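Remember, predicted model here, so these are calculated numbers, not experimental data. Throughout, protein chains are lettered first and strands after them, A, B, ... in sequence-line order, and every chain is numbered starting at 1.
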Number of protein chains: 2
Amino acid sequence: MTTVLIADDQPLQRFGFRMLLESQDDMAVLGEATNGTEATRLTAELHPDVVLMDVRMPGLDGIEATRRIVATGARTRVLILTTFDLDEYAYAGLRAGASGFLVKDAQPEELLSGIRAVATGDAVVAPSLTRRLLDTYAQHLPTGTPDDTPARAADDPRLVSLTDREREILTVIGQGWTNTEIATRLHLAESTVKTHVGRILSKTGCRDRVQAVILAYDTKLVEPS
Amino acid sequence: MTTVLIADDQPLQRFGFRMLLESQDDMAVLGEATNGTEATRLTAELHPDVVLMDVRMPGLDGIEATRRIVATGARTRVLILTTFDLDEYAYAGLRAGASGFLVKDAQPEELLSGIRAVATGDAVVAPSLTRRLLDTYAQHLPTGTPDDTPARAADDPRLVSLTDREREILTVIGQGWTNTEIATRLHLAESTVKTHVGRILSKTGCRDRVQAVILAYDTKLVEPS
DNA sequence: GGAGGCGTAGTACCCGGGTACTACGGTGGC
DNA sequence: GCCACCGTAGTACCCGGGTACTACGCCTCC
């Protein structure tokens, strides 16, 4: 028996999932959460095998909730669901420690088999995303011919979804600039800077600018001095 | 004529400095500031040759004020003064871009010659501090015998004044932990964590934890993964 | 046995950072 | 010509981080 917690802010969506899952005699829905905080709490309480996690939720989003659940060390697996915006959240979700990433317009059978897969410790990724992941990673796989480009790390997988401008901003974040400084020195409104920073964080799955700095160093976007 | 701005929160101290400086016919006191914010503002207004900067001031302290003044690119030099706590602030002050660092119990002549020195672009450091700086750096100077220790960077000059515990905390800051996480995982009260973090920032001269992360990477306290 | 350093802890306060939105002009692709 | 993406900008709101203090038990060193 696979126990599942549903985390989605849309009641109708939750209802659909519940109906689907309860139609299976090897699955049981332990509860429903309407936001990330609730998802985290209920997971700690109910210990489901799998959390079906929506990305976009008010308050604590699915990515961050995933991170927290994984951080507790519980054996609960998280399967992230999203409507679209694949590129946007894929890395974030997987970095957060999710066991899978599916799109909501998947066939019901795909979802069910996905749940069964992650419950047993496997991982699943939506085919459309798998493709993109492969394309991305392919450039970084060892080739037959020796590759002497010394880790052109600026196009690290974790950064691919960033626009040039965002990468620029991430660089100066990595140099320790505050939002105000970025605004002044780059001749931008502080609100614009915040918009950029917010998008960078969500795309990369970083919780805050501190982790963004770490990412910038890890990807060699900025180098230790 | 060397023009000077006095920044100190103690009226009596300011008075003493003013008297001393005005007794010299090659020096003029342009004004007095009682905190860092005022010091920054008055510097921008009056363009003194030298700011005599106290470290401990309410609100914006002397270190941060120094950083801001230096950041403006003005040709004003900052000479930092402190009562004691040399180790504590020395690095912070020098990293902030100060041209000098003197102790308040110095002889009046020392102070005067110090001011003249920094006004002409030289740098001065209190002898007691010089000693310590040398001791610190000496370990890092190239020796006659080849040194095969691969940059045991944990005792980087910028970190020497940190206690073991503080270094520990800095490490996890560098790993992106929030104060709450540090408190939980290290079994501490959050207030304790904040105390540690505050001391780390003031000792290292970092403005905030973001810069602390950068420092942690630069000193190889934490390594890119 | 005092002094000082260290690690711990607390309170009160303020501000910058981050989130959640909306919006709008430019540009490039279909 | 329209749609999607990008860069820009704004408002409103909340919270974590940082500062400024005080305090106390434990060591170590003189």
- Query: Atom CD of A/Q175 and atom CD of A/E181: how far apart are they, to the nearest 0.5 Å?
  - Reply: 11.0 Å
- Bend angle of the helix from C/dG1-D/dC30 to C/dC30-D/dG1 from five-pair axes at both ends, rounded to 10°? 50°
- Query: Can you check whether A/H196 has a side-chain N or O nearer than 4.0 Å to OP1 or OP2 of D/dT8?
  - Reply: yes
- Item | Strand-adjacent residues in residues 178-190 of chain A, judged by heavy atoms under 4.0 Å from DNA chain D | A/L188, A/A189
- Between A/D8 and A/L52, is a side chain to side chain contact (heavy atoms under 4.5 Å, CB included) present by the stated rule, with each step listed? CA-CA 8 Å; A/D8 199 308; A/L52 222 49; over 6 Å; no
- Query: Of A/V118, A/I69, A/I115, A/V51, which meets side-chain contact (heavy atoms from CB on, under 4.5 Å) against A/R77?
  - Reply: A/V118
- Query: Just checking B/T163: base, sugar-phosphate only, or nothing, at a heavy-atom cut-off of under 4.0 Å?
  - Reply: sugar-phosphate
- Task: Rounded to the nearest 0.5 Å, what's the gap from CD1 on B/I173 to CZ on B/R167? Could you check?
- Result: 13.5 Å
- Of B/V4, B/V29, B/L81, the residue whose pairing with B/F17 passes side-chain contact (heavy atoms from CB on, under 4.5 Å): B/L81
- Whichever of A/R207 and B/D164 has the more 5' nearest nucleotide on DNA chain C, that residue is B/D164
- Query: In Å and rounded to the nearest 0.5 Å, what is the CD1 to CE distance from A/I80 to A/M53?
  - Reply: 6.5 Å
- Query: With a 4.5 Å limit on heavy-atom distance, are the side chains of A/T43 and A/P48 in contact?
  - Reply: yes
- Query: Does the B/T219 side chain pair with the main chain of B/L215, one donor and one acceptor, at a distance under 3.5 Å?
  - Reply: yes
- Note on the structure: Contact span of DNA chain C against chain A, any nucleotide atom under 4.0 Å from a heavy atom, 5' to 3', runs C/dG17 to C/dA20
- Message: Walk me through whether A/K194 and A/E190 qualify under salt bridge (charged side-chain N to carboxylate O under 4.0 Å, His left out).
- Response: CA-CA 6 Å; A/K194 285 191 173 189; A/E190 185 158 354; 5.0 Å; no
